[in-house]
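Below is one structure; the comments refer to it alone.
The structure displayed is predicted, hence computed values, not measured ones. We're numbering straight along the sequence, starting at 1.
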Amino acid sequence: MTRKPKTFRLWQEISLALALKAVAIFIIWFVWFSVPEDQVVDAQQVASHLFPQQSAKEPNHDSVYRTR
């Protein structure tokens with residue numbers, strides 16, 4: 001009956017590995033994901049960031065300035 005201690009040791013190693021992984025996941029969550037975002041971004045802010053309010057200028061691709 002030598003199988004009993006080997007099976008028990010396997011369960012110990014599995015339990016230890018799961019416990020360490022749970023601790024690692026908790027630490028990762030705490031460091032990067034636990035703090036909620038303070039800034040609320042609405043659609044108007046996103047639109048103003050993506051489409052700035054600048055006048056559309058014609059690109060200067062002429063070989064001689066102002067010949068069009």
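In this structure, Leu16 shares a hydrophobic cluster with Leu20, the cluster being traced through Ile, Leu, Val, Met, Phe, Trp and Tyr side chains under 4.5 angstrom apart. Cluster note: Val31 groups with Val23, Phe26, Ile27, Ile28, Trp29, Phe30, Trp32, Phe33 through ILVMFWY side-chain heavy atoms spaced under 4.5 Å, whether in direct contact or through intervening members.
Between atom CZ of residue Arg9 and atom NZ of residue Lys6 there is a gap of 10.5 Å, rounded to the nearest 0.5 Å.
Residue-environment remark: CD (Gln44) stays at or below the threshold of 12 foreign heavy atoms within 6.0 Å.
Shown here are the side-chain contact (heavy atoms from CB on, under 4.5 Å) partners of Ile14, two or more places apart in sequence or in another chain: Leu10, Leu18.
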